[in-house]
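Working notes, beginning with the structure itself.
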Amino acid sequence: MDLEIDGNAALVTASSSGLGKASAKALAREGVNVVVNGRDEDRLADARDEIAEVAEGDVVAQPGDLTDADDIEALVETTVEEFGTIDHLVTSAGGPPSGAFLDTDDEDWYEAYELLVMSVVRLAREAEPYLTEGDGGTIVTITSRSVKEAIDDLVLSNSVRMGVIGLEKTLSKEFAPEVRANAVLPGSHETSRIRELVDQAVERGDYDSYEEGLADWADNPLERIGDPMELGNTVAFLSSPKSGYVNGAAVPIDGGSTGSNL
């Protein structure tokens, strides 16, 4: 399917690994010019090279910390300087630390809010003039299935990510009709982080093999863990006119693990 976004420009944050990288790769394969981002410059350079191998457009790497307002401004400026505008904004960020409510302090809460919510606030504010220039601007926020169902020992993710969903829904109204805003809610995907956790569990003797350990993450009716590109392809679709009537949605991509009806 031709998604009709060839030649567009996208900024994808936290895209040096994981689901952000998969989203950037999916957009790049469709001919979108992409700016990728991460804090680790070496890993970011590797991601840029990996994405460039399949890209039909240009791929530019811009390092930056999503909790730093100046770095966010530089991300938007770089995208506009390189490609003239921003048609698509994809927001991703690393997850906050795990832990129960009584194990978290005020600093943990403020840091999680800066990372997960204020990064999207600042990105949307900086990118809005460019996203609204045409009639096909999009925002896709990558959050978590924890906004549908609270996950044990993830009080920060369960609570703070709800603010991202409220923001996304608000933007879907305030920025319309020029811009559509949607969210994706990933479940377990075989990212480098998951592979690392499984390898560590195998080394501890919790599992006899990587495959056995990975199977424990497949807590869904499809009985398998997700491929990051399955989420990336959905992000690309939501960024395209092929999904032109989808706005203000929160789409679970979790193999059906979430029990919520909506």
Side-chain angles (χ1 to χ4, degrees), residues 1 12-30 36-40 42-55 59 90 92-100 103 115-116 140-158 161 183-238 250-260:
M1 179 187 295
V12 186
T13 63
S15 44
S16 61
S17 63
L19 302 178
K21 183 172 73 172
S23 299
K25 184 180 290 187
L27 288 165
R29 288 194 312 198
E30 293 294 326
V36 293
N37 154 255
R39 288 180 297 179
D40 185 316
D42 290 337
R43 185 165 65 178
L44 180 60
D46 290 341
R48 194 217 75 84
D49 292 344
E50 178 183 334
I51 295 167
E53 289 181 359
V54 301
V59 184
V90 180
S92 179
S98 60
D103 295 330
L115 175 65
L116 297 178
V140 179
T141 57
I142 301 174
T143 60
S144 169
R145 68 184 178 94
S146 66
V147 304
K148 289 282 190 181
E149 284 188 342
I151 300 173
D152 291 346
D153 293 320
L154 288 181
V155 65
L156 292 173
S157 182
N158 295 339
R161 289 187 191 275
V184 291
L185 318 180
S188 299
H189 287 73
E190 194 176 0
T191 61
S192 58
R193 177 58 175 159
I194 296 297
R195 290 193 294 270
E196 177 184 342
L197 291 173
V198 173
D199 285 338
Q200 291 172 353
V202 172
E203 291 176 6
R204 291 194 305 267
D206 297 345
Y207 305 106
D208 291 331
S209 67
Y210 176 83
E211 290 72 23
E212 181 185 349
L214 194 65
D216 257 5
W217 289 87
D219 56 343
N220 61 68
L222 297 185
E223 299 181 351
R224 67 175 179 85
I225 196 168
D227 182 332
M229 288 308 302
E230 292 176 300
L231 181 135
N233 291 335
T234 305
V235 169
F237 172 71
L238 290 173
V251 183
I253 307 177
D254 62 359
S257 63
T258 304
S260 169

*asked:* Pair Thr141, Arg161 - check side-chain contact (heavy atoms from CB on, under 4.5 Å), show working.
replied: CA-CA 10 Å; Thr141 57; Arg161 289 187 191 275; over 6 Å; no
Taken to the nearest 0.5 Å, the spacing of Arg145 CZ from Leu185 CG works out to 10.5 Å
Sorted by chain and residue number, the salt bridge (charged side-chain N to carboxylate O under 4.0 Å, His left out) partners of Arg43 (sequence neighbours excluded) come out as none
Note to self: Would you say that Leu231 contacts Pro186 through its side chain, given a criterion of any heavy-atom pair below 4.5 Å between the two side chains?
What the structure shows: yes
Pairwise side-chain contact, Ile142 with Ser23, heavy-atom cut-off 4.5 Å (strictly under)
yes
| message | side-chain contact (heavy atoms from CB on, under 4.5 Å), that's the test. Do Leu197 and Arg193 meet it? Break it down for me. | response | CA-CA 6 Å; Leu197 291 173; Arg193 177 58 175 159; 3.7 Å; yes
To the nearest 0.5 Å, atom CG of Asp40 lies from atom OG of Ser16 at 7.0 Å
Just by modelled atom types, is the Val59 backbone N or O under 3.5 Å from a matching donor or acceptor in the Arg48 side chain? yes
Query raised in the report: Does Glu230 use its side chain to pair, donor to acceptor, with the backbone of Gly226 at less than 3.5 Å?
Result: no
**Prompt:** Do the side chain of Asn220 and the main chain of Arg224 share a donor and acceptor less than 3.5 angstrom apart?
**Reply:** yes
Q. Side chains of Ile51 and Lys21: closer than 4.5 Å at any heavy-atom pair?
A. yes
Between Ala100 and Asp153, the two heavy atoms sitting closest are CB-OD1, 4.0 Å
Separation between OG (Ser144) and CG (Leu19), nearest 0.5 Å, reads 10.0 Å
All heavy atoms of Ala24 vs all of Val36, minimum pair found to be CB-CG1, 3.7 Å
*Count the heavy atoms of every other residue, nucleotide or ligand shown that sit under 6.0 Å from CD of Glu196, and state whether that count exceeds 12.*
yes
Donor-acceptor check, side chain of Thr13 to backbone of Ser92, threshold 3.5 angstrom: yes or no? yes
Take atom CZ in Arg39; do more than 12 heavy atoms of anything else shown fall under 6.0 Å from it? no
Looking only at heavy atoms, the pair that brings Leu116 and Gly94 closest together is CD2-O, 3.8 Å
Side chains of Ser17 and Ser192: do they bring a donor and an acceptor to under 3.5 Å? no
To the nearest 0.5 Å, atom CG of Asn233 lies from atom CZ of Arg29 at 5.5 Å
Those residues at least two apart in sequence (or on a different chain) that pass side chain to side chain donor-acceptor pair (under 3.5 Å) with Glu149 are none
In this structure, CG of Asp254 is separated from NE2 of His189 (nearest 0.5 Å) by 8.5 Å
Quick one: does any side-chain atom of Asn37 pair with a main-chain N or O of Ser15 as donor and acceptor, under 3.5 Å? no
Looking only at heavy atoms, the pair that brings Ser146 and Ile151 closest together is CB-CD1, 3.9 Å
In terms of heavy-atom contacts, Gly255 and Pro221 come closest through O-CD, 3.1 Å
One should read off an interatomic distance between Gln200 CD and Arg195 CZ, to the nearest 0.5 angstrom, of 13.0 Å
Minimal heavy-atom distance between Trp217 and Val198, with the atoms involved, is NE1-CG2, 3.6 Å
(request) Spell out, as yes or no, whether a donor-acceptor pair under 3.5 Å connects the side chain of Thr143 to the backbone of Val184. (result) yes
Checklist entry - Tell me, do Ile194 and Ser188 make a side-chain contact under 4.5 Å, heavy atoms counted? => result no
